[in-house]
Amino acid sequence: MTFSLDSHSVDIPCSGCGKKFTETIRRLKQNPKITCRFCGAVNAVDANQLRSVEQSIKKALDSLGKGFGKR
C-alpha cells in the first residue's frame, strides 16, 4: 500500500515569537529549517521524526489490511 503524508500541512509555532505558520510535510522533509516570516527566527523540524511517523502509520495500515484478508 502506498502511503504518504507529503501533501498534508501542519501548523508550526515559531520558537522566537510564538506565531504559527503552515508548511507541508513534503517541504519539511526536504528542508527542515524554516525561517519565521514574522520575526526572522530559524526553526528546525526533525525530518527524520516525520519520516519515522509516516513509516509507522504505513506499517499499521498494512497490518490492518492483512487482517481484513483473514476473514
### Query
Rounded to the nearest 0.5 Å, how far does CZ of F21 lie from SG of C14?
5.5 Å
### Summary
So CD of Q55 and CG of D62: to nearest 0.5 Å the spacing works out to 9.5 Å
### Query
Where do T35 and G40 come nearest, in terms of heavy atoms and distance?
CG2-O, 3.6 Å
### Message
For the backbone of K59 and the side chain of S63, can you confirm whether one donor and one acceptor N or O come within less than 3.5 Å of each other?
### Response
no
### Query
Roughly how far apart are S4 OG and R26 CZ, rounded to 0.5 Å?
6.5 Å
### Task
Carefully, step by step, assess T22 and I12 under the rule side-chain contact (heavy atoms from CB on, under 4.5 Å).
CA-CA 6 Å; T22 303; I12 301 167; over 6 Å; no
#### Entry: Point-to-point distance, once rounded to the nearest 0.5 Å, from CG of L5 to NZ of K29
7.0 Å
### Heavy-atom side-chain proximity of V42 to I34 below 4.5 angstrom
no
#### Entry: Same apolar cluster (I L V M F W Y, side chains within < 4.5 Å links), V10/V53
yes
### Message
Quick check: is L50 connected to L61 through a chain of hydrophobic side chains (ILVMFWY, heavy atoms under 4.5 Å apart)?
### Response
yes
### Message
Tell me the closest heavy-atom pair linking F38 and K20, and the distance in Å.
### Response
CE1-O, 3.9 Å
### Spatial distance of atom CD (E23) from atom CG (D11) [nearest 0.5 Å]
10.5 Å
## Note on the structure
Rounded to the nearest 0.5 angstrom, the CG-OG1 distance for D6 and T24 is 7.5 Å
### Message
Are the side chains of S9 and I25 in contact, using a 4.5 Å heavy-atom criterion?
### Response
no
